[in-house]
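Accompanying notes for the structure given below.
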Amino acid sequence: MINKLEVDGFKSLKNFSIDFKRGLNVLIGPNGVGKTNICQAISLLHSLTTNSLFETFTQFGGVQSIFNIVENLEEKKYLKIVVFGETEGSLDSDKEGYILKFEYKIVLKLTDELLFDYEELIIRRKTKKNNYKTVIKIVQNSKNEVKVEIKDSDLIGHYNVIKKGEKNFTIKLQDQESFLPLMGRLFFSCHLILKEFSKIKSLNIDPNVARNSCDITEPHEMLGNGRYLANTVYFLNKKGEDLSEINSLLEQLIPNYKELCPKISEISRKRYFTINDDNGNSFPSNSLSDGTIKLLALLVGIISQNERTTIIEEPENYLHPYANKLLISYLRETYDDGICILTSHSETILNLIKPEELIICELENSFTKSSRIENVKEVAKIIEESGFGCGYHYISGNLGGVPKF
């Protein structure tokens, strides 16, 4: 789980820092203050687990889209991302697992080309005395040399690469070889961190994309915009995954709702799904409302992820206010041991949110800054006495002096 992010040089994020708590973390603020940039900085970590550095930058729109480009062209441009978090895992299912804290840092420079400058991963293990002991420190320099310092032999990993008892050594990366995937293959502790990053999921569902049928050769995992939803529903059902959570929520929203059914066309061999009702009617995915499709895609994305770091941008779009209420309640229960990051402009959503779940985003000298409400108890008291939720008090400017929409 990621609990802190520091970013410098990524879009509108300059000397930026944000802390995340278990449960809901709701980013609010006017348009253009950088809420999406925060989400993208986190998503970039996910991309680095499967793509090379240059593939990742292409995926996010290229150098001009990512770096803070200012008028002074002579000024050196750089990008730094630091993330702090915790995770756990076990080498042996019969033994007690390891509880780890990690710090990952990457620094890039921009001249007439994109240059890698520095990459570092430090992992610490919780001991029986409840303090943390450094397991491993790994640093990659601009020459593609990875220097490894092993501090804890319990979590070394791959002995075909590492000589037994060896504590300090250097690995030479090949051109375009990615740091995180390689370290994940060599060291068990790094594998756990890589898994934490690789399972970050960002959901910004487009119902027009999500409702489309899928060829049987297309990927089985739904993308963040909802593409391949039909394939994901089909394989969740085939693997015997419990779809009761989806059915339970949809039956509260759709009159006479009975069940969600994955299908395959006998003619096109494409997968799609239907929603069936108690009267024997069957409604194919291409006939369902935008709100139904979006809610279904959000639930499928969360259930199929099986991890606990999820970003959902503007969940209120297309959804009925009652659907928003059910969704927020579901998210709060689901992420009691993880983090869910939401962005929202909706007063309805904010009225469902607790003051301690809010993160206020605004611009200061054209750059993003974020803060939590300091006087949470006072704000909670005002909300209770007034009968109005956070959304009303945010718009009226009563959330401890934070700006209005």
Side-chain angles (χ1 to χ4, degrees), residues 201-306 310-335 340 342 344-346 348-349 352:
K201 178 165 284 187
S202 181
L203 299 173
N204 192 357
I205 303 299
D206 181 346
N208 294 317
V209 172
R211 62 164 47 92
N212 292 333
S213 57
C214 299
D215 191 272
I216 59 174
T217 63
E218 289 181 319
H220 301 170
E221 183 177 352
M222 187 186 79
L223 299 182
N225 63 357
R227 190 177 182 187
Y228 311 132
L229 171 61
N231 273 354
T232 308
V233 169
Y234 176 86
F235 282 100
L236 282 175
N237 185 68
K238 185 176 181 179
K239 290 187 293 186
E241 296 285 345
D242 186 4
L243 299 182
S244 62
E245 293 179 51
I246 294 175
N247 287 322
S248 176
L249 285 170
L250 291 182
E251 70 182 6
Q252 297 180 64
L253 293 169
I254 302 175
N256 302 315
Y257 176 86
K258 182 180 180 181
E259 61 184 347
L260 172 68
C261 293
K263 304 277 188 177
I264 297 182
S265 168
E266 293 295 332
I267 298 174
S268 66
R269 304 309 296 170
K270 286 191 173 184
R271 297 191 181 101
Y272 64 103
F273 54 87
T274 64
I275 284 182
N276 300 341
D277 68 14
D278 292 327
N279 298 320
N281 299 311
S282 182
F283 303 93
S285 51
N286 60 9
S287 70
L288 298 175
S289 72
D290 288 346
T292 299
I293 290 290
K294 176 163 184 177
L295 182 60
L296 173 60
L298 287 174
L299 295 174
V300 167
I302 293 165
I303 290 172
S304 63
Q305 183 186 18
N306 290 324
T310 304
I311 302 164
I312 304 176
E313 295 197 58
E314 300 184 6
E316 66 269 13
N317 292 345
Y318 305 103
L319 295 188
H320 185 278
Y322 183 60
N324 284 321
K325 181 178 180 180
L326 292 177
L327 178 62
I328 293 299
S329 178
Y330 174 73
L331 292 175
R332 192 172 281 128
E333 292 176 2
T334 302
Y335 291 92
C340 181
L342 305 181
S344 181
H345 295 114
S346 166
T348 299
I349 288 284
L352 299 167

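Being a predicted model, the structure only gives us computed values, none of them experimental.
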(request) To the nearest 0.5 Å, tell me how far I293 CD1 sits from S287 OG. (result) 8.5 Å
(request) Starting from the C-alpha separation in whole Å, work towards a yes-or-no answer on side-chain contact (heavy atoms from CB on, under 4.5 Å) for V233 and I246. (result) CA-CA 11 Å; V233 169; I246 294 175; over 6 Å; no
(request) Considering non-hydrogen atoms only, spot the tightest contact between A210 and I205 and give its length. (result) CB-CG2, 4.2 Å
(request) Nearest 0.5 Å please: distance from the OG atom of S344 over to the CD1 atom of I312. (result) 11.0 Å
(message) What's the separation between atom CG in L288 and atom CG in L296, rounded to the nearest 0.5 Å?
(response) 8.0 Å
(request) Report yes if the side chains of P315 and L327 come closer than 4.5 Å at any heavy-atom pair, otherwise no. (result) yes
(message) So which atom in P207 and which in Y318 form the shortest heavy-atom distance, rounded to 0.1 Å?
(response) CD-CE1, 3.5 Å
(request) Begin from the C-alpha positions of N286 and Y272 and carry the test side-chain contact (heavy atoms from CB on, under 4.5 Å) through to its verdict. (result) CA-CA 9 Å; N286 60 9; Y272 64 103; over 6 Å; no
(message) Any heavy-atom pair between the side chains of K201 and E221 that's under 4.5 Å?
(response) yes
(request) Taking the side chain as every heavy atom from C-beta outward, state whether L295 and L326 have any atom pair closer than 4.5 Å. (result) no
(request) Answer whether the closest heavy-atom distance between the side chains of Y234 and I216 falls below 4.5 Å. (result) no
(request) Write out all pairs satisfying side chain to side chain donor-acceptor pair (under 3.5 Å) with one or both partners inside residues 254-264, taking only residues at least two apart or from two chains. (result) N247-Y257
(message) I want to check something: taking the side chain as every heavy atom from C-beta on, are R227 and E218 in contact at a cut-off of under 4.5 Å?
(response) yes
(request) Mind checking the CG-NZ spacing from N204 to K294? Nearest 0.5 Å is all I need. (result) 6.5 Å
(request) Could you tell me whether the side chain of E316 and the main chain of H345 form a donor-acceptor pair under 3.5 Å? (result) yes
(message) Between the side chains of D290 and R211, is the shortest nitrogen-to-carboxylate-oxygen separation below 4.0 Å, so that they form an ion pair?
(response) yes
(message) Strictly distance-based, threshold 3.5 Å: is any side-chain N or O of T232 a donor or acceptor partner for the main-chain N or O of M222?
(response) yes
(request) Any chance you could measure T217, atom OG1, to K270, atom NZ, to the nearest 0.5 Å? (result) 9.5 Å
(request) For H220, check ring-ring contact (aromatic ring centres under 6.0 Å, His included) against everything at least two apart and list the hits. (result) F235
(request) Starting from the C-alpha separation in whole Å, work towards a yes-or-no answer on side-chain contact (heavy atoms from CB on, under 4.5 Å) for I264 and R269. (result) CA-CA 6 Å; I264 297 182; R269 304 309 296 170; 3.9 Å; yes
(request) For the residue pair T274 and N276, confirm or rule out a side-chain donor-acceptor distance under 3.5 Å. (result) yes
(message) Checking the side chain of N231 only, and the main-chain atoms of P219 only, is there a donor and an acceptor separated by less than 3.5 Å?
(response) yes
(request) Please round to the nearest 0.5 Å and tell me the distance separating atom CG of L298 and atom OH of Y330. (result) 10.5 Å
(request) Could you walk me through whether L253 and T292 pass the side-chain contact (heavy atoms from CB on, under 4.5 Å) test, one step at a time? (result) CA-CA 9 Å; L253 293 169; T292 299; over 6 Å; no
